[in-house]
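Working notes for the structure below.
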Amino acid sequence: MNLKLFLERQTSKCLSELGLDNSALVKQSSRPEHGQYQANGVMGAAKKTGQNPRQLASDLASLLQEKNDPNNFELEVAGPGFINFTLSGEFLSKTLHDLEKDPRLGVSLDKKRKILADYSSPNLAKEMHIGHLRSTTIGDACSRILEFLGHEVVRVNHVGDWGSQFGSLLAYMDKLSEAESNLGSELKDLELFYKKATELFKEDENFAKSAREYVVKLQSEDPQCMKLWSQFIAESLDHCQNVYERLGVALKKENTVAESFYNNQLNAVITDLESAGLITLSDGAKCVFLDAGKGRDGEPTPAIVQKSDGGFPYIATDLAATKYRSKALQVDDALYFVDARQALHFKDLFKIAKRAGFIDGNQNFVHIANGIILNKEGKPYKTREGGAVKLAEVIDESISRAKLIVSEKASEMPDEEQKRISELVGIGSIKYAELSKNRTTDYVFDWDQMLSFDGNTAPYLMYAYTRIRGIINNSGVPSDKNKNRFNLTDRSEVKLALKLVQFTESVEAVVEDYNPNLLCNYLFELAQIFMAFYEHCPVNSSEQATKESRIHLCDLTGRVLKKGLELLGIEVLERM
RNA sequence: GCGCUGGUAGCUCAGCUGGAUAGAGCAUCUGGCUACGAACCAGAAGGUCGGGGGUUCGACUCCCUCCCAGCGCGCCA
């Protein structure tokens with residue numbers, strides 16, 4: 001049961017019986033002295049009708065008492081008109097007992113929707129770097145959570161596999177194959193490959209000429225060119241897939257729908273825009289003028305959907321994608337997990353798509369913007385200039401740092417197990433570092449910070465889990481559920497119990513605006529509360545009834561931690 | 001020039017549709033391993049929430065203005 005929702009409904013119902021249609025605005029209390037939940041809506045409601053807020057709060061409290069089982073919670077009217085709720089131990093214990101029997105841990109299913117999640121979406125011309133981490137981890141976590149809530153999630157990796165940037169790469173491949181170099185091994189380091197190709201482009205006239213010709217060949221789908229291109233793309237996709245697998249990201253190759261997939265739909269898109277009367281010809285380019293945008297010169301700026309040379313800029317591809325997602329896939333929602341610099345692009349894109357009838361009014365196409373990762377100087381990494389830390393490198397470094405600690409703290413464990421622990425701790429740390437931050441703010445990349453294993457980090461949560469497993473394994477108590485109710489006597493038991501029943505509140509909060517950091521906050525707080533409980537309340541040395549109640553509390557905490565971390569895409573260990 | 005983000009403790013960040021005395025982590029200081037696992041716990045210290053106005057019972061949150069930083073704005077993706 002969602003306690004917050006329960007109290008909100010009860011209170012709002014009573015409020016409306018008093019003739020007021022305001023929401024009760026029930027929230028988790030800001031401080032323990034104010035109970036466990038508080039209703040903030042009374043003051044606003046009183047203001048509307050000119051009543052005395054204290055009086056209204058007190059009337060409302062009486063009505064609430066009357067309509068509810070008096071054994072459920074105590075009420076207190078406080079301050080200018082707050083109502084504070086304190087749940088009874090028995091009510092909490094009962095709620096917890098229900099939670100224990102529920103494989104979904106109190107999280108109910110939503111009305112099912114078909115939701116497309118477009119995330120990661122790297123450019124295949126280059127190796128994945130640190131900048132791709134946000135979209136990838138946030139998109140993945142949100143997808144997992146939406147699935148858990150019962151939605152059909154269509155994962156899409158909209159990779160960049162087309163455009164003029166491939167000219168140099170293909171020309172370089174051509175050059176290498178002529179020189180009979182080992183193309184395969186050259187391609188292993190995509191970053192270096194890209195760098196060499198761009199350098200040649202700058203320095204070598206002939207090469208530059210060849211590169212430009214390859215752009216044309218690519219557009220006309222020249223067979224020899226397409227062969228090289230396919231080889232390159234396959235190599236690059238393998239690289240991405242390798243990163244996803246190492247990171248434990250649920251993207252599969254079959255989730256890839258590359259830009260080139262839409263090539264044969266682009267002309268139709270332009271025709272659609274023309275028949276919708278949206279196209280204006282300007283300097284030979286086909287443009288859509290939107291009311292809002294003004295450029296540097298104060299003139300309205302168009303979105304160019306077809307260049308004067310007949311080529312298509314990426315908004316054309318994206319328009320084709322919205323149409324495809326809407327009409328062919330028939331999604332209810334489409335979430336684009338892409339960095340905030342694209343905000344204007346998506347604003348234009350969705351506006352045009354709506355006007356052209358690609359998206360209908362019931363569909364939500366929305367840009368879930370994430371902040372960008374900055375370098376030490378506080379500047380964004382420029383993809384085109386390179387220099388961004390490779391994602392594969394971050395993974396390697398994190399695992400090797402974890403290895404160092406594991407070999408020190410768990411030297412008695414077999415090498416295989418140490419290796420496995422290092423991997424999960426290393427990967428978990430990276431993902432948690434990313435997910436626990438607010439999605440929208442930019443942050444400076446720092447090795448030590450991202451790969452820290454102390455405090456509010458993945459290892460802390462994983463460690464809490466191993467402590468729980470340790471207790472349970474030593475307890476000798478069989479893990480059959482449906483036991484008696486919890487016996488919550490110590491304050492730290494009550495705190496833990498309350499936190500556990502709030503799991504559903506945090507999961508639901510995430511999808512309200514796609515903020516996985518809210519779940520991270522919750523899990524960290526849960527682990528902290530558990531740690532305090534662990535210090536205060538002996539489990540296995542307590543007398544039988546207390547021991548059993550506490551074992552169940554531990555077990556439930558473990559289940560919530562495991563589930564929560566799983567929703568973030570992080571695995572737990574039995575010991576570490 | 002216009003637009004979009006953001007500015008909270010020494011550092012990195014939370015702060016949930018306006019709610020009660022602004023919270024964590026790291027770093028610093030003090031205490032705790034013959035103890036269900038010290039990747040931990042208990043405690044201390046640390047703040048004009050960028051500045052200034054305004055709205056109201058109440059503002060980190062909403063409005064205005066200014067300052068600072070980053071990003072975006074006609075043929076790159």
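In what follows, every chain begins at residue 1, and chains take the letters A, B, ... in the order their sequences are listed.
Between the side chain of A:Arg31 and the base of B:rU21 there is at least one donor-acceptor pair of N/O atoms closer than 3.5 Å. Interface remark: the A:Tyr314 side chain does form a donor-acceptor pair with the B:rA77 base, using a distance-only criterion of under 3.5 Å. Side-chain atoms of A:Asn84 come within donor-acceptor range of the base of B:rA20, with a qualifying N/O pair under 3.5 Å.
Residue-level contact check: A:Pro313 touches the backbone only, with heavy atoms under 4.0 Å from sugar-phosphate atoms and none from bases. Using a 4.0 Å heavy-atom distance criterion, A:Met462 is classed as making no nucleic acid contact. Looking at heavy-atom distances under 4.0 Å, A:Ala509 makes no contact with the nucleic acid at all. If you check every strand for non-hydrogen atoms under 4.0 Å, A:Ser541 touches nothing.
Note on A:Lys307: a side-chain N or O is less than 4.0 Å away from OP1 or OP2 of B:rC76. One finds no side-chain N or O of A:Gln449 lying less than 4.0 angstrom from the OP1 or OP2 phosphate oxygen of B:rG25. The shortest distance between the side-chain N/O atoms of A:Thr301 and the OP1/OP2 oxygens of B:rG74 is not below 4.0 Å. For A:Asn517 and B:rC16, the shortest distance from a side-chain N or O to OP1 or OP2 is not below 4.0 Å.
In this structure, the nucleotide among B:rC76, B:rC41, B:rC36 sitting nearest to the side chain of A:Tyr534 is B:rC36. Checking B:rG72, B:rC36, B:rC40 against every side-chain atom of A:Tyr460, the shortest atom distance belongs to B:rC40.
Remark: A:Arg467 is not positioned above the aromatic ring of A:Phe530, lacking an NZ or CZ atom under 6.0 angstrom from the ring centre and at most 45 degrees off the axis.
For the side-chain hydrogen bond (donor to acceptor under 3.5 Å, both in side chains) with A:Tyr443, the qualifying choice from A:Glu434, A:Lys437, A:Gln449 is A:Glu434, the only one to do so.
For the 3.5 Å distance criterion, the side chains of A:Ser260 and A:Asp161 qualify, holding a donor opposite an acceptor.
Along RNA chain B, the nucleotide closest to A:Arg467 and the one closest to A:Ile304 are compared, and the more 5′ of them pairs with A:Arg467. Ranked by how close their nearest RNA chain B nucleotide is to the 5' end, A:Phe312 and A:Arg575 are led by A:Arg575.
Judged as a side-chain contact (heavy atoms from CB on, under 4.5 Å), and not counting sequence neighbours, the contacts of A:Asn123 are A:Ala125, A:Gln165, A:Phe166.
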